[in-house]
Amino acid sequence: MDSGTEISRRRGRLASWAALLAVAALAACGTDPASTAAAAPSAPASAAERTPPPSPSTGKPGKTGQSGKAGESGEAGGRAAAPSASPDEAALPAPDERIPRDPAKLAKALETTTRRLHDAIDGWTGDGGTAKGGPPRAVVLQALYQQRIYRFTARNPGVASRAFARLPARLAAEARDNTTAIRGLLELAHPVKDASKFRIEEPPAASALLRHFKKAERRFGVEWEVLASVMFAETKFGRVRSPSYVGAKGPMQFMPGTWKAYGMGGDIHDPGDAVMAAANYLHASGAPRDYRRALYAYNHSRAYVDAILLHARQIKRDPRNYYAYYNWQVFVITTKGERRISGP
């Protein structure tokens, strides 16, 4: 989601964050209200709960909405190691690999890439375990190609719908979820003139982040998949280090005032502290009983809420999608076109 422009016109967020969200995109069909609701059912809020706390990124009161927003150390602050080379690297897609325009070939490319990506993730995580070390180059390159395919389909709904019709049912559903999420966020994006101002770093290790998400889930009851999806959307798992122009900081994008209320004395830039604060805030805003309301308080955009819930649903369906999203890169939408500013 893909980072680099305003996430919501209503909030005037720094341009970088909307592009980050857009990095997650596809575009074959509109959001299915029934399927989105199934991802996180809502319950009526009590009178005392109808005024959410201020949005983390703006410090303004949340709005109630019905629908909607380098070496691996193994420790909390561990950084992801640089990807290791693979013996069959020649068979991997290049960072600028051509994306087929023909629907049948596009479907084949997506199916093949997703299968190879899952195989590479299984090798990295021990087939269902926890990732050890930084992502292998096979994971990095397959994930980037998958992401680029989805960014293409986000802007070409006709080709996308014909391609998705050729996919196996499970992959077609995944593709449509990703498409809906990214397409909605792309519609919120506003191009920036200069992408060089955005500071990019290697993200914390995937395994370290996973521990943070699950620890926060145990404490506040907010599903770890939702927390992961929020960090994915906000800063691509901490890759984007620049603050927003209104002053939102850290991997979960908190305004200083909101951080003071929900940060529990932690460091706004520390991944573990930031995840715990986000869980605290979302819980205070209605999660896990009403994820839509809680996420809308976090970011006052229905497209944002839909995107978070759709990505979280994909992680729940297959945990390998967490590792795939973790390896999606930062794209910035500029006035001169799209530019990727992280990855190989």
Side-chain angles (χ1 to χ4, degrees), residues 24 39 70-89 91-93 110-147 168 170-171 173-174 177-178 202-233 235-239 251 270-272 274-276 278-279 308 310-329 342-344:
E72 152 77 357
S73 71
E75 298 305 321
R79 293 278 163 186
S84 55
S86 171
D88 57 350
E89 187 170 328
L92 296 175
L110 180 57
E111 184 175 3
T112 300
T113 298
T114 301
R115 184 184 68 250
R116 290 176 176 173
L117 173 58
H118 285 177
D119 288 345
I121 290 171
D122 285 342
W124 180 28
T125 63
D127 193 10
T130 302
K132 303 293 191 298
R137 190 164 180 78
V139 173
V140 174
L141 290 175
Q142 297 289 1
L144 176 58
Y145 192 44
Q146 181 194 58
Q147 179 187 14
R170 184 179 180 88
L171 180 55
E174 177 179 321
D177 273 4
N178 283 329
E202 286 297 311
S207 57
L209 289 176
L210 186 57
R211 286 194 296 273
H212 296 322
F213 298 139
K214 292 187 175 182
K215 180 179 179 181
E217 179 183 48
R218 289 192 298 270
R219 178 164 179 179
F220 289 103
V222 179
E223 294 171 339
W224 77 262
E225 296 92 345
V226 171
L227 295 168
S229 296
V230 170
M231 186 185 279
F232 170 55
T235 61
K236 280 295 173 294
F237 292 108
R239 282 180 174 83
D270 180 81
V275 169
M276 195 66 73
I308 299 302
L310 289 168
H311 286 313
R313 179 163 69 183
Q314 287 310 313
I315 298 173
K316 292 177 189 176
R317 285 179 173 176
D318 189 337
R320 289 177 296 190
N321 286 324
Y322 163 66
Y323 293 104
Y325 291 151
Y326 173 83
N327 284 281
W328 283 18
Q329 302 299 330
S342 72

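These values consider heavy atoms only, across backbone and side chains, with no hydrogens, waters or symmetry-generated copies. Residue indices begin at 1 and follow the sequence shown.
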### Query
Name the one of Phe237, Tyr322, Phe213, Tyr326 that satisfies ring-ring contact (aromatic ring centres under 6.0 Å, His included) with Phe232?
Phe237

### Query
How many angstroms lie between atom NZ of Lys132 and atom OG of Ser207, to the nearest 0.5 angstrom?
8.0 Å

#### Entry: Nearest non-hydrogen partners of Ala233 and Ile308, listed with the distance
CB-CD1, 3.7 Å

### Task
State, without any angle test, whether Asn178 and Tyr325 hold a side-chain donor-acceptor pair at a distance under 3.5 Å.
yes

### Task
List the atom of Pro204, the atom of Pro271, and the distance in Å for their closest heavy-atom pair.
CG-CG, 3.7 Å

## Note on the structure
Between Ala173 and Arg317, the two heavy atoms sitting closest are CB-NH1, 3.8 Å

### Task
Begin with the C-alpha distance, continue with both residues' side-chain angles, and end with the deciding distance and a verdict on side chain to side chain contact (heavy atoms under 4.5 Å, CB included) for Thr112 and Arg115.
CA-CA 5 Å; Thr112 300; Arg115 184 184 68 250; 3.8 Å; yes

### Task
Flag the pair Gln142 / Ile121 as yes when at least one side-chain heavy-atom distance between them is below 4.5 Å, and no otherwise.
no

### Query
Is any side-chain heavy atom of Glu111 less than 4.5 Å from a side-chain heavy atom of Pro168?
yes

### Query
Is there side-chain contact between His311 and Asp177, with at least one heavy-atom pair below 4.5 Å?
no

#### Entry: Residue pair Leu117 / Ala324: nearest heavy atoms and the distance that separates them
CD2-CB, 3.8 Å

## Note on the structure
CG of Leu141 to CD of Gln146, rounded to nearest 0.5 Å, is 13.0 Å

### Side chain Trp124, main chain Gly134, donor-acceptor under 3.5 Å
yes

### Message
Has Arg116 got a side-chain atom pairing as donor or acceptor with Thr113's backbone, closer than 3.5 angstrom?
### Response
no

### Query
Can you find a pair of side-chain heavy atoms, one from Arg320 and one from Thr114, that are under 4.5 Å apart?
no

### Task
Could you walk me through whether Leu144 and Asn327 pass the side chain to side chain contact (heavy atoms under 4.5 Å, CB included) test, one step at a time?
CA-CA 7 Å; Leu144 176 58; Asn327 284 281; over 6 Å; no

#### Entry: Nearest-0.5 Å distance, CD of residue Glu217 to CD of residue Glu223
6.5 Å

### Task
For residues Pro344 and Gln329, report the shortest heavy-atom separation together with the two atoms involved.
CD-NE2, 4.4 Å

### Query
For the residue pair Ile315 and Ala228, what are the closest heavy atoms and their distance?
CD1-CB, 4.4 Å

### Query
Measuring from His212:NE2 to Met276:CE, what's the distance to the nearest 0.5 Å?
9.0 Å

### Query
Do side-chain atoms of Asn321 reach the backbone of Gln314 as a donor and acceptor pair under 3.5 angstrom?
yes

## Note on the structure
When rounded to the nearest 0.5 Å, the distance separating OH of Tyr323 from CG of Asp318 is 11.5 Å

#### Entry: Nearest-0.5 Å distance that lies between atom OG in Ser342 and atom CZ in Arg239
5.5 Å

### Query
Hey, is Glu225 close enough to Arg313 for a salt bridge, meaning N to O under 4.0 Å?
no

### Polar side-chain atom of Thr125 near backbone of Ala131 as donor-acceptor pair, under 3.5 Å
no

